[in-house]
Amino acid sequence: MAQDTGRSENGDQHRSPEEAALSERLGNLDQRLSELRDRHIKTEQPAGDGEDKAARASAMALGFRLSSELVAGVVVGAGIGWGFDRLLSTSPFGFIVFLLLGFVAGVVNVVRTAGAGQNRRGGS
C-alpha cells in the first residue's frame, strides 16, 4: 500500500535539478530563519544582563551625583547665608542672597558635570 516516491532511505537520489535547487533554497532559508530567531531571542532577554546592569548603574550614579551637587550647593549657600545673618544681624537678606548664590553654584556644577559626561561619551 505504500506509494513509491522515488526516494531512498538515505536521501533524495532521484530528484530533478529543480527539486534539488528548491531543496537547497529551503535549507538556506531555514538556516537564515534560525539565525534570525537566535538574534531575536538574544535581544529580547530581560534587562539584567551584565552590560545592561553596568549601563543602568552608571546612569543612576550620574543621576545621584548631579542631584547631590545641586542640593549641596543650595544647602551650603543657605548655611553660609544663615551664618552671615547671625554674625551681622542682617536677617533675612544674607540668607536669601547666599541661598540664591548656592543655587546658581549648584546649577553650574550640574551643567559642568553633565557636559563632561557628554564629551567623554562622544569623544571616544
Side-chain angles (χ1 to χ4, degrees):
M1 292 245 194
Q3 186 177 3
D4 186 20
T5 59
R7 297 179 181 175
S8 67
E9 291 180 17
N10 293 335
D12 299 336
Q13 295 178 354
H14 304 291
R15 293 190 302 182
S16 68
E18 294 88 17
E19 287 179 354
L22 181 62
S23 178
E24 183 179 342
R25 286 176 39 202
L26 283 173
N28 289 339
L29 180 63
D30 184 43
Q31 181 181 5
R32 287 189 294 173
L33 283 174
S34 64
E35 289 173 2
L36 286 174
R37 281 188 204 116
D38 290 342
R39 283 190 216 150
H40 185 68
I41 289 171
K42 288 178 184 177
T43 58
E44 285 200 354
Q45 288 179 347
D49 293 351
E51 292 179 10
D52 288 342
K53 282 185 180 179
R56 204 175 272 189
S58 176
M60 278 186 95
L62 181 62
F64 281 126
R65 179 179 175 188
L66 294 176
S67 62
S68 65
E69 285 186 7
L70 181 64
V71 170
V74 172
V75 169
V76 169
I80 292 173
W82 179 80
F84 269 106
D85 281 342
R86 294 282 301 212
L87 185 64
L88 302 174
S89 299
T90 59
S91 184
F93 299 110
F95 179 76
I96 293 171
V97 168
F98 280 97
L99 180 73
L100 291 174
L101 285 174
F103 176 74
V104 169
V107 169
V108 167
N109 281 337
V110 166
V111 169
R112 185 181 307 147
T113 302
Q118 288 178 351
N119 290 340
R120 192 172 38 223
R121 289 187 192 105
S124 60

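The basis for the numbers below is simple: all heavy atoms, side chains too, and nothing from hydrogens, waters or symmetry mates.
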K.L.:
Output the distance between atom CE (M60) and atom CG (L62), rounded to the nearest 0.5 Å.
P.N.:
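Atom-to-atom, M60:CE and L62:CG are 12.0 Å apart.
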K.L.:
Same cluster or not: V74 versus F95, using hydrophobic residues (I, L, V, M, F, W, Y) connected whenever any side-chain heavy atoms lie under 4.5 Å apart?
P.N.:
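Yes.
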K.L.:
Is there a side-chain contact between L70 and N109, using heavy atoms and a 4.5 Å cut-off?
P.N.:
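They are not in contact (no side-chain heavy atoms under 4.5 Å apart), so the answer is no.
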K.L.:
Taking all non-hydrogen atoms of both residues, which atom of F84 and which atom of T90 are closest, and how far apart?
P.N.:
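Distance-wise, the nearest heavy atoms are O-OG1, 4.2 Å.
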K.L.:
For V110, is there any backbone N or O sitting under 3.5 Å from a side-chain donor or acceptor partner on T113?
P.N.:
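Judged by distance alone, no pair lies under 3.5 Å.
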K.L.:
Assess whether side-chain contact (heavy atoms from CB on, under 4.5 Å) is satisfied between V104 and L100, documenting all intermediate values.
P.N.:
CA-CA 6 Å; V104 169; L100 291 174; 5.6 Å; no
K.L.:
Between the main-chain N or O of E19 and the side-chain N or O of S23, is there a donor-acceptor pair closer than 3.5 Å?
P.N.:
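Side chain of S23 to backbone of E19: no pair is present.
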K.L.:
Once you round to the nearest 0.5 Å, how far does CD of Q31 lie from CG of L26?
P.N.:
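Q31 atom CD to L26 atom CG measures 13.0 Å (nearest 0.5 Å).
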K.L.:
Report whether W82 and F98 are members of the same hydrophobic cluster (ILVMFWY, side-chain heavy atoms less than 4.5 Å apart, transitive linking).
P.N.:
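Shared cluster, no.
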K.L.:
For a quick test of reading the model, state the closest non-hydrogen atom pair linking A114 to L66 and the distance between them.
P.N.:
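Result for this residue pair: N-CD2, 4.1 Å.
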K.L.:
Should L22 and L29 be regarded as members of a common hydrophobic cluster, given that ILVMFWY residues are connected when their side-chain heavy atoms come within less than 4.5 Å of each other, either directly or indirectly?
P.N.:
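Each belongs to a different hydrophobic cluster.
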K.L.:
Do F103 and L101 belong to the same hydrophobic cluster, where Ile, Leu, Val, Met, Phe, Trp and Tyr are linked whenever their side-chain heavy atoms lie under 4.5 Å apart, directly or via other members?
P.N.:
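Different hydrophobic clusters.
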K.L.:
Do you reckon I80 sits in the same ILVMFWY cluster as V97, going by side-chain contacts under 4.5 Å, direct or chained?
P.N.:
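In one cluster: yes.
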